[in-house]
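See structure below.
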Amino acid sequence: MNVEFPGTPSDQVTEILATGNGDIGSLFVSMSEKHPQGSDAGYLRWHTLDHRPEQQRLAQIRTSLRLVSTPACRAARAASESRFDLVDHVMTYFFSEHSAMEPFSDLSTALHNSGRSPYILPPVQRGLYAVSSKAAAERVKVGADVLPWRPVRGVYVLLEKTSADANALLEVDGVAGVWSAVSVPNQFSNADAGLQLSYCFLDAEPVETAEKMQAVLPGRWNTLGIRALLAAPFFAVAPFNWDCYLP
């Protein structure tokens, strides 16, 4: 049960906004299949305790978020084109700028060469995205800029061919905020041009929230003529409870 804290939401207070915005301009998103030998829990343990902390060496990184699908999540998807049917893991790095990709790649190579990359998941898509819009539900009080640092139960991921932001989804119970970003051509990205990725940050149970999403998303797509590539709930990884949410 969510508790509403007192006071005025940050996005309505000029003095709060004047102090900074979190400096996130780019997202690097890796969508992958489940582990071919079923070692998803081991992968999540390694990635969370070994690989992700090392990324904080990079001057441009701000935070990161790992998501995982479950059979219940998969059953609750509102849309999924064939090429995204196999997505069970989503890893997001929040960077200040696109130039972060070179040192990010260099670090990945150095870790691999040091024997520090024992797990590989079959990739589905890797994309670099420029943040285009941010919005927070008034009830959460914190501003849209800092949503990536607010703990979540999960994220409802929307991948669409559109330029219309998804901020109207703030009205869905359980959505704490929405960020949208647009795909950017880059040597480290194989995402098609013109894709919009939206993250609905969830502070309610993801599968239950997904059922509410299914009541509003078809109207969004039909009204705006949007082609949906993926619309799916994911759980945030539970540290030290590695087998809590698995594909």
Side-chain angles (χ1 to χ4, degrees), residues 2 9 11 24-27 29 31 65 67-90 92 94 124-125 127-140 142-148 150 152-184 189 191-236:
N2 290 311
D11 287 337
I24 295 174
S26 299
L27 311 180
V29 180
M31 297 183 177
L65 177 64
L67 306 170
V68 62
S69 183
T70 66
C73 286
R74 179 173 287 280
R77 292 182 179 185
S80 181
E81 288 202 345
S82 58
R83 56 180 160 157
F84 296 104
D85 281 346
L86 295 178
V87 175
D88 278 311
H89 293 275
V90 178
T92 307
F94 297 79
V124 175
Q125 179 177 278
L128 182 65
Y129 296 83
V131 176
S132 56
S133 68
K134 299 178 282 187
E138 287 189 15
R139 64 175 177 80
V140 305
V142 304
D145 289 325
V146 299
L147 283 171
R150 188 177 189 268
V152 293
R153 294 189 180 186
V155 171
Y156 196 93
V157 176
L158 278 175
L159 188 63
E160 303 169 309
K161 292 278 285 187
T162 184
S163 58
D165 66 47
N167 292 350
L169 296 176
L170 286 174
E171 298 177 8
V172 177
D173 288 342
V175 176
V178 180
W179 274 37
S180 293
V182 180
S183 57
V184 177
S189 172
D192 295 341
L195 296 185
Q196 178 170 276
L197 179 73
S198 296
Y199 278 10
C200 297
F201 296 96
L202 307 180
D203 52 12
E205 204 278 338
V207 175
E208 293 177 2
T209 307
E211 294 173 358
K212 299 171 184 175
M213 286 286 193
Q214 288 183 353
V216 299
L217 285 173
R220 165 183 167 80
W221 296 331
N222 292 334
T223 300
L224 300 176
I226 293 173
R227 175 182 164 198
L229 307 182
L230 180 65
F234 291 83
F235 282 95

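What you see is a predicted model, and the numbers here were worked out from it, not measured in a lab.
- Between Leu27 and Leu128, the closest side-chain pair of non-hydrogen atoms is not below 4.5 Å.
- Between Leu229 and Asp192, the closest side-chain pair of non-hydrogen atoms is not below 4.5 Å.
- Here the straight-line distance linking atom CD1 of Ile226 with atom OG1 of Thr162 works out to 3.5 Å at 0.5 Å rounding.
- In terms of heavy atoms, Gly174 sits closest to Thr209 at CA-OG1, 4.3 Å.
- Considering only residues two or more places apart in sequence or on other chains, Asp85 meets the salt bridge (charged side-chain N to carboxylate O under 4.0 Å, His left out) condition with none of them.
- By the side chain to side chain donor-acceptor pair (under 3.5 Å) test, Gln196 pairs with no residue at all, sequence neighbours left out.
- In this structure, Leu170 and Val172 have side chains that are not in contact, with every pair of non-hydrogen atoms separated by 4.5 Å or more.
- Pairs engaging residues 214-224 under the side chain to side chain donor-acceptor pair (under 3.5 Å) rule: Glu160-Arg220, Glu160-Trp221 [sequence neighbours left out].
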key: Worked verdict on Val131 versus Val182 for side chain to side chain contact (heavy atoms under 4.5 Å, CB included)   = CA-CA 7 Å; Val131 176; Val182 180; over 6 Å; no

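- For the residue pair Ala79 and Ala228, the shortest heavy atom distance occurs at CB-CB, 3.9 Å.
- Applying the side-chain contact (heavy atoms from CB on, under 4.5 Å) rule to Val152 yields the partners Leu65, Phe201, Ala236; only residues at least two apart in sequence or on another chain are considered.
- Looking at every heavy atom in both residues, Val87 comes nearest to Arg74 through O-NH2, 3.5 Å.
- In this structure, Trp179 contributes its side chain and Leu197 its backbone to no donor-acceptor pair below 3.5 Å.
- For Asn167, the side-chain contact (heavy atoms from CB on, under 4.5 Å) partners are Ser133, Ala135, Asp165, Val178, not counting sequence neighbours.
- With Asp11 contributing its side chain and Ala144 its backbone, the two residues share a donor-acceptor pair below 3.5 Å.
- From Ser163, atom OG reaches atom CG of Leu195 across 12.5 Å, with rounding to the nearest 0.5 Å.
- Under the side-chain contact (heavy atoms from CB on, under 4.5 Å) criterion, Thr70 pairs with Ala72, Cys73, Phe235, Tyr245, not counting sequence neighbours.
- Residues satisfying the side chain to side chain donor-acceptor pair (under 3.5 Å) test with Ser183, not counting sequence neighbours, are none.
- Under the 4.5 Å side-chain criterion, counting only non-hydrogen atoms from C-beta, Arg83 is not in contact with Val124.
- A distance of 5.0 Å separates CG of Leu217 from OH of Tyr156, quoted to the nearest 0.5 Å.
- Between Arg139 and Asp203 the shortest side-chain heavy-atom distance falls below 4.5 Å.
- The shortest distance between side-chain heavy atoms of Tyr199 and Val157 falls below 4.5 Å.
- For residues 169-182, there are no salt bridge (charged side-chain N to carboxylate O under 4.0 Å, His left out) pairs, not counting sequence neighbours.
- Residues forming a side chain to side chain donor-acceptor pair (under 3.5 Å) with Ser180 (at least two apart in sequence, or on another chain): Ser198.
- Residues passing the side chain to side chain donor-acceptor pair (under 3.5 Å) test with Tyr129, sequence neighbours excluded: Gln125.
- Taking all atoms of both residues into account, the shortest heavy-atom contact from Leu147 to Ala176 is CD2-O, 4.1 Å.
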request  = Take Leu169 and Leu158 through the side chain to side chain contact (heavy atoms under 4.5 Å, CB included) test and state the conclusion after the steps.
outcome  = CA-CA 11 Å; Leu169 296 176; Leu158 278 175; 3.4 Å; yes

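- Here the side chains of Pro148 and Ile24 are in contact, with some heavy-atom distance below 4.5 Å.
- Nearest heavy atom pair, residue Ala136 against residue Gly143, reads CB-C, 4.0 Å.
- Between Val68 and Asp88 there is no side-chain heavy-atom pair separated by less than 4.5 Å.
- When the salt bridge (charged side-chain N to carboxylate O under 4.0 Å, His left out) test is applied to Asp145, the partners found at least two apart in sequence or on another chain are Lys134.
- In terms of the side-chain contact (heavy atoms from CB on, under 4.5 Å) criterion, residue partners of Glu208 (sequence neighbours excluded) are, by chain and number, Glu205.
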